[in-house]
Amino acid sequence: MSMWIWHPEWTEQSTDSAGAFVHFRKRFTLTESLSKPVHIHITADTKYKLYVNSEFVSVGPVKGDQHLWFYDELDIQPYLRLGVNTINVRVLRLYHATAHATSFPRLHVPGLLLRNACSDLDLAINVQTDDSWETALDESTILPTDISEDAFLHVYEKVGHMTQPNWVPAKPLVFPTSHGLSAPWKLSPRLIPFPQYESVTFKSIHKIESNRSRADWEQALLGSDDTISEGILLPAGSRHHLELELENHTTALLYFRFKWPEHAGSMMKVTYSECYEDEPETVPWVRRKGDRRDTRKKLVGPTDEYTIPGIAEQKLGGTLSYNSNYSDEDVFAPFHFRTFRFLALDISVSELSDLTMKRIDITTTKYPLHVLADFDVLSVDNVYRKMWTTSIRTLSNCMHDCYEDCPFYEQLQYAMDTRSSSLFTYCCSGDDRLARQAIIQLHNSYSPEVGLTASRAPAHQLQLIPHFSLFWICMISDHFEYFNDAEFVRQFLPVCDGVLESFARRIDPTLGLIRMSDSLLQWDFVDWADSWKPLGIPPAAERSGFASYTNMLYSYTLKRISTVLLSAGRPGVASEYQMRANATQLALKAHCFDGHFFTDGLASEAAGDNNYSQHGQVWAVLSGAATGDLAYDIISECTAVSGARDFTPASTAMSFYALRAMSMVGGSLYDERFHQFWGPWKTQLSQNLNTWLEDTVFQRSDCHAWGSSPIYEFMTEVAGVRMGTPGWRNMTFHPRVGLFPTLNATVPFGAYGSSGIAHVHWKREGDTIKVSLSLKMDNGEAANLPIRVVFPDGHDEMMDGGEDIHLTLNAK
């Protein structure tokens with residue numbers, strides 16, 4: 001029987017810390033070598049790090065919730081040896097009855113669980129957690145909750161003097177196991193692969209204030225393991241400040257390595273930052289940034305503080321067994337990964353003894369995104385190639401346990417953000433595993449009493465943004481389109497019905513439009529537009545009580561999920577939803593259209609400024625409220641550099657949908673606006689960003705995956721490879737050959753088991769453009785896939801994907 005354990009004297013009453021660390025260990029003796037795998041299951045509430053014989057094995061579990069709590073299956077055989085073996089687990093428990101550490105769900109009871117993954121009677125060891133395990137409280141570390149730059153994570157550490165661990169027998173946790181009752185954690189194997197790790201080194205050092213030379217610091221901290229020898233000796237009583245730069249914005253586990261000093265008391269403060277910037281307007285929300293590498297400015301960010309122990313504490317490090325080289329070095333290794341591009345070190349050396357810093361090891365950690373796509377237009381100043389690599393890097397840095405809005409600040413899986421990130425992932429890799437988990441976790445957050453999913457999940461605090469529930473439904477329709485997995489999506493349809501019904505209940509019987517929510521517990525956020533500060537809600541909608549955006553997104557969502565319902569055998573509901581969408585479109589044209597453009601609120605109350613936005617025109621097209629010439633005209637006008645009317649511009653987050661509307665209206669508009677549209681992205685590259693900014697209004701985060709729209713556009717619109725019917729039963733090939741004279745692209749298509757790569761190439765030769773498309777299946781078989789080829793003049797022809805396609809087009 002699985003048995004959870006915990007420390008018998010644990011309390012959660014601290015007011016100055018978001019949580020605490022608890023140590024666990026078990027010793028056992030092996031009398032013979034093991035040649036077979038030793039698989040174990042392990043999980044903890046809230047997070048664990050596992051070590052076997054002082055070797056780091058794994059960190060986990062993936063963030064779960066009360067519906068699904070994940071465990072990891074690991075093979076520890078490679079870490080075992082003859083004789084005495086020690087398993088150590090360090091557990092971070094974030095306190096439950098607080099609002100701190102929003103990004104990390106936890107249940108009301110702490111616990112650690114290890115068990116053998118099989119019941120083989122010949123198994124040489126038994127790792128089951130029980131009272132044979134020992135445990136000790138970590139009394140040296142707190143997780144401060146008052147760091148101004150840290151409003152969400154609360155995983156930064158303030159480590160004081162090391163104390164002798166007081167090891168006591170662990171306490172088994174007893175839960176009812178009958179009459180449908182069980183432990184609070186509903187265990188599930190992890191749904192996603194383990195993280196990808198890679199070692200990197202610092203690129204350069206800035207602003208050195210030290211009595212040691214630049215050359216000494218560079219020798220110690222910029223070289224690889226092979227080039228570092230004795231580190232750098234810092235004299236007793238000295239003070240040192242330096243700022244280190246990585247090649248790229250990253251997420252990484254850090255290891256600060258010191259030789260054991262003779263005396264304790266030296267201090268190190270580490271500040272993590274995404275860029276150099278001017279003094280912020282407010283921390284962390286409103287920033288003033290320009291050139292991210294302008295070292296005349298300052299680094300701002302959350303901090304770790306570490307008191308370096310002396311030789312007297314050396315044996316204490318050995319009892320914890322988190323460092324195989326503890327006899328020679330002390331290591332500060334922050335438990336959770338850190339996000340940064342720049343890092344400031346402030347070291348104050350004790351007056352009693354010198355201190356030697358050996359090196360800083362950096363191990364990047366992220367979801368193992370296997371990028372199969374590529375894009376290059378083969379120009380000398382290839383800004384679009386830089387946009388491609390920057391987009392991939394941004395997306396990758398926002399993928400860990402789940403999709404994240406921004407790894408530096410929140411690490412929360414918001415539905416609107418995640419819809420974009422999932423689509424970008426499908427386009428560059430064909431991988432749906434993280435997206436499937438996200439769909440499940442957001443589904444599990446559904447609240448029947450309000451008829452909405454949470455805006456973000458998993459999370460420790462419930463937040464309700466009604467529009468985000470509609471984006472979650474769109475994630476389901478996206479997945480069905482790409483993978484045609486009706487069995488997977490069918491399980492979510494009852495909650496889709498509930499969400500859509502919650503919007504239908506707010507329809508005004510006179511106008512036929514959905515009213516703004518009247519609950520203070522819900523946030524009608526639309527977008528981070530400058531004129532919509534501070535809550536991102538159109539003022540015209542607040543004035544009139546009706547948001548055209550809400551009704552447009554509702555209609556759009558109804559139409560998208562209707563196609564899924566038809567395939568799921570629910571044609572009656574699909575027909576009902578189509579009728580609801582049509583009725584909403586008619587109401588929008590009747591009450592939110594002034595004869596020329598769509599208003600943010602009611603057209604009858606659209607007097608004065610700030611009543612019109614790009615959002616209103618874009619979503620009018622996407623929802624079907626505007627079609628034909630009207631659709632073309634309003635998108636042409638609202639995306640023009642200068643037009644007859646000022647429209648509130650869409651943010652980076654909404655850029656994806658603006659591009660969808662430009663594509664949907666047809667004609668030459670997408671091609672005409674394409675190069676102009678990417679101006680803000682090109683500006684960011686000129687400012688030395690190498691991940692995409694969250695938004696241009698607040699400039700809070702320098703890494704936010706919703707800015708990675710180039711992934712989708714370059715694959716689907718420019719290279720022109722897109723699915724024809726759900727599950728890639730056929731393909732549409734519509735290359736926009738007028739955008740670039742030369743192009744090479746690889747585009748993944750299909751689902752697992754029947755996936756492949758489309759290779760697209762074209763080159764302008766005088767008055768003609770030579771275009772080729774070839775499909776290669778992963779299994780080596782011919783791609784017997786019907787392809788609808790759309791030509792620049794709009795006509796199309798069906799061709800066979802089993803053979804390479806070669807086209808000669810007129811370049812004029």
Please identify each residue that fulfils side chain to side chain donor-acceptor pair (under 3.5 Å) with S655, with sequence neighbours left out. S709
Considering residues at least two apart in sequence or located in another chain, which fulfil the side chain to side chain contact (heavy atoms under 4.5 Å, CB included) criterion with [X]?
{"X": "Q461", "result": "A99, T102, R456"}
{"X": "H336", "result": "F104, V155, R338, Q411"}
{"X": "T394", "result": "T390, T691, W692, C703, S708"}
{"X": "P494", "result": "none"}

Provide the closest heavy-atom pair for [X] versus [Y] in the form atom of the first, atom of the second, distance.
{"X": "I147", "Y": "P302", "value": "CG2-CA, 3.9 Å"}
{"X": "S567", "Y": "R490", "value": "O-NH2, 4.5 Å"}
{"X": "V300", "Y": "S273", "value": "O-OG, 3.2 Å"}
{"X": "H400", "Y": "T365", "value": "NE2-O, 3.0 Å"}
{"X": "P368", "Y": "P193", "value": "CG-CG, 3.6 Å"}
{"X": "C398", "Y": "A705", "value": "SG-N, 3.6 Å"}

With sequence neighbours left out, what residues match K559 under salt bridge (Lys or Arg N to Asp or Glu O under 4.0 Å)? none
Does R90 have any salt bridge (Lys or Arg N to Asp or Glu O under 4.0 Å) partners at least two apart in sequence or in another chain, and if so, which? D138
Quick one, [X] and [Y] - any side-chain contact, counting heavy atoms below 4.5 Å?
{"X": "T550", "Y": "H467", "value": "yes"}
{"X": "R660", "Y": "E717", "value": "yes"}
{"X": "P184", "Y": "W69", "value": "no"}
{"X": "E73", "Y": "P189", "value": "no"}
{"X": "I440", "Y": "L191", "value": "yes"}
{"X": "L434", "Y": "M399", "value": "yes"}
{"X": "I476", "Y": "I561", "value": "yes"}
{"X": "T746", "Y": "L372", "value": "no"}

Can you see whether [X] engages [Y] through a side-chain donor-acceptor pair at a distance of less than 3.5 angstrom?
{"X": "T43", "Y": "W185", "result": "no"}
{"X": "D432", "Y": "H479", "result": "yes"}
{"X": "S455", "Y": "Q463", "result": "yes"}
{"X": "S445", "Y": "T453", "result": "no"}

Looking at N690, N397, D702, which hits side chain to side chain donor-acceptor pair (under 3.5 Å) with H249? N397
Would you say the side-chain atoms of [X] pair up with the backbone N or O of [Y], donor to acceptor, closer than 3.5 Å?
{"X": "K158", "Y": "P144", "result": "no"}
{"X": "E157", "Y": "A333", "result": "no"}
{"X": "T339", "Y": "P407", "result": "yes"}
{"X": "E247", "Y": "V200", "result": "no"}

Go through the steps for F21 and L143 under the test side chain to side chain contact (heavy atoms under 4.5 Å, CB included), then give the verdict. CA-CA 10 Å; F21 292 99; L143 306 172; 4.0 Å; yes
If I take atom [atom1] from residue [X] and atom [atom2] from residue [Y], how far apart are they, to the nearest 0.5 angstrom?
{"X": "Y403", "Y": "T418", "atom1": "OH", "atom2": "OG1", "answer": "8.0 Å"}
{"X": "L442", "Y": "N444", "atom1": "CG", "atom2": "CG", "answer": "9.0 Å"}
{"X": "W706", "Y": "S420", "atom1": "CH2", "atom2": "OG", "answer": "9.0 Å"}
{"X": "Y197", "Y": "T363", "atom1": "OH", "atom2": "OG1", "answer": "9.0 Å"}
{"X": "D417", "Y": "L412", "atom1": "CG", "atom2": "CG", "answer": "9.5 Å"}
{"X": "F503", "Y": "S517", "atom1": "CZ", "atom2": "OG", "answer": "8.5 Å"}

Option from F488, Y426, F749 for which ring-ring contact (aromatic ring centres under 6.0 Å, His included) with Y482 holds: Y426
Could R287 and E149 be called an ion pair, given the rule that one side-chain N must be under 4.0 Å from one carboxylate O? yes
Carboxylate-amine/guanidinium proximity below 4.0 Å for R190 and D72: yes
Should we count NZ of K186 as having more than 12 external heavy atoms under 6.0 Å? yes
Counting heavy atoms not belonging to E501, are there more than 12 under 6.0 Å from its CD? yes
Go through the steps for I87 and F24 under the test side chain to side chain contact (heavy atoms under 4.5 Å, CB included), then give the verdict. CA-CA 8 Å; I87 298 178; F24 294 88; over 6 Å; no
Please lay out, stage by stage, how E694 and K289 fare under the test salt bridge (charged side-chain N to carboxylate O under 4.0 Å, His left out). CA-CA 12 Å; E694 181 175 10; K289 300 177 178 180; over 6 Å; no
Would you please name every residue forming a ring pair (Phe, Tyr, Trp, His ring centres under 6.0 Å) with [X], sequence neighbours left out?
{"X": "Y367", "answer": "none"}
{"X": "F480", "answer": "none"}
{"X": "Y657", "answer": "F471, W619"}
{"X": "Y712", "answer": "F656"}

What class does the angle between the rings of H23 and Y322 fall in, given that below 30° is parallel, 30 to 60° is tilted and above 60° is perpendicular? tilted
Check the angle between the aromatic planes of H41 and Y71 and answer parallel, tilted or perpendicular using the 30° and 60° thresholds. tilted
Is the centre of the H615 ring less than 6.0 Å from the centre of the W532 ring? yes
Pairs touching residues 428-462 that satisfy ring-ring contact (aromatic ring centres under 6.0 Å, His included), sequence neighbours left out: H96-H460, H443-F492
Start with the C-alpha distance between E410 and R700, add both sets of side-chain angles, then the distance that settles salt bridge (charged side-chain N to carboxylate O under 4.0 Å, His left out), and finish with yes or no. CA-CA 11 Å; E410 298 190 37; R700 179 184 64 152; 2.7 Å; yes
